[in-house]
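Note sheet for the following structure.
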Amino acid sequence: MPRPLGELEDAVMTRVWQWNRPVTVREVLEDLQQERSIAYTTVMTVMDNLHQKGWVRREVDGRAYRYTAVSTRAAYSAALMNEAWAQSDNPAAALVAFFGMMSQDQREALNDAIRIVQRDNPVPAPPEEAAGDKGDKQGKGAEGSGGRER
């Protein structure tokens, strides 16, 4: 389970996810500087930490690295939700409470997601077993032993 990203890690990863291409420290720095005062070395350290934690992969490009996200923000969010749900001693109650907090738009998104999952991963019907089949299998086993103890 991923630990939640820190504020600066999230700000960096948001850009990496949104841009959806290999990015340099300089590009992230310049975009972050539109919102806050931040040093190049700070962004470099954060991106190196994200690499060490497995959030991004990096490739050398001249004298710099280019960083690419390892997974999507959706996968990250899903992992956080799954971990939070798994921590509950009553998962059904946790889901009811979670759904109760949702806006109408979120509920519609949830319904859309459920339809997609059901369409793409249909639940197989349980195998139908005739009542006579069980008796036949048991009967064959008894016949096979000849009634003798082993």
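Treat the numbers as computed from the prediction; the structure is a model and nothing was measured.
Trp19 and Tyr65 fall within the same hydrophobic cluster, defined by Ile, Leu, Val, Met, Phe, Trp and Tyr side-chain heavy atoms under 4.5 Å apart, directly or through other members. Grouping the Ile, Leu, Val, Met, Phe, Trp and Tyr side chains by contacts below 4.5 angstrom, directly or via other members, places Val25 with Ile38. Under the 4.5 Å side-chain heavy-atom criterion for ILVMFWY residues, a single connected hydrophobic cluster contains both Val60 and Val56. Residues Leu32 and Tyr40 share a hydrophobic cluster, clusters being chains of Ile/Leu/Val/Met/Phe/Trp/Tyr side chains in contact below 4.5 Å. Both Trp55 and Leu29 are members of a single hydrophobic cluster when ILVMFWY side chains are connected at heavy-atom separations under 4.5 Å.
Using a 4.5 Å heavy-atom threshold, the side chains of Asn49 and Thr45 count as touching. Side-chain contact between Pro22 and Asp61: absent, with no pair of heavy atoms (C-beta onward) separated by less than 4.5 Å. Residues Tyr76 and Trp17 are in side-chain contact: their nearest non-hydrogen atoms beyond the backbone lie under 4.5 Å apart. Arg21 is listed as a side-chain neighbour of Val23, based on a closest heavy-atom distance under 4.5 Å.
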Name the atoms and distances for all side-chain donor-acceptor pairs under 3.5 Å in residues 5-14, with sequence neighbours left out.
| unit_1 | atom_1 | unit_2 | atom_2 | d |
| --- | --- | --- | --- | --- |
| Glu9 | OE1 | Gly6 | N | 2.8 |
| Glu9 | OE2 | Lys53 | NZ | 2.6 |
| Asp10 | OD1 | Arg73 | NH1 | 3.3 |
| Asp10 | OD1 | Arg73 | NH2 | 3.2 |
| Thr14 | OG1 | Asp10 | O | 2.7 |
| Thr14 | OG1 | Arg73 | NH2 | 2.3 |

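Note on Glu83 versus Arg3: no salt bridge recorded, every NZ/NE/NH1/NH2 to OD/OE distance being 4.0 Å or above.
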Working note: Gln106 + Phe99, criterion side-chain contact (heavy atoms from CB on, under 4.5 Å); need CA distance, chi angles, decisive distance, verdict.
CA-CA 9 Å; Gln106 290 170 321; Phe99 296 156; over 6 Å; no
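For the atom pair CZ of Arg57 and OG1 of Thr68, the computed distance is 6.5 Å after rounding to the nearest 0.5 Å. For the atom pair Met47 CE and Arg66 CZ, the distance stands at 10.5 Å (nearest 0.5 Å). Atom CG in Asp31 sits 8.5 Å away from atom CD in Gln18 (nearest 0.5 Å). The line from OH of Tyr67 to NE2 of His51 is 7.5 Å long, rounded to the nearest 0.5 Å. To the nearest 0.5 Å, atoms CZ (Arg58) and CG (Leu50) are separated by 11.0 Å. Atom CG of Leu110 is separated from atom CZ of Arg115 by 9.5 Å, given to the nearest 0.5 angstrom.
Heavy atoms of other residues, nucleotides or ligands lying less than 6.0 angstrom from CD of Gln87 number more than 12.
Of all non-hydrogen atoms in Ala94 and Trp85, the two that sit nearest each other are CB-CD1, 4.1 Å.
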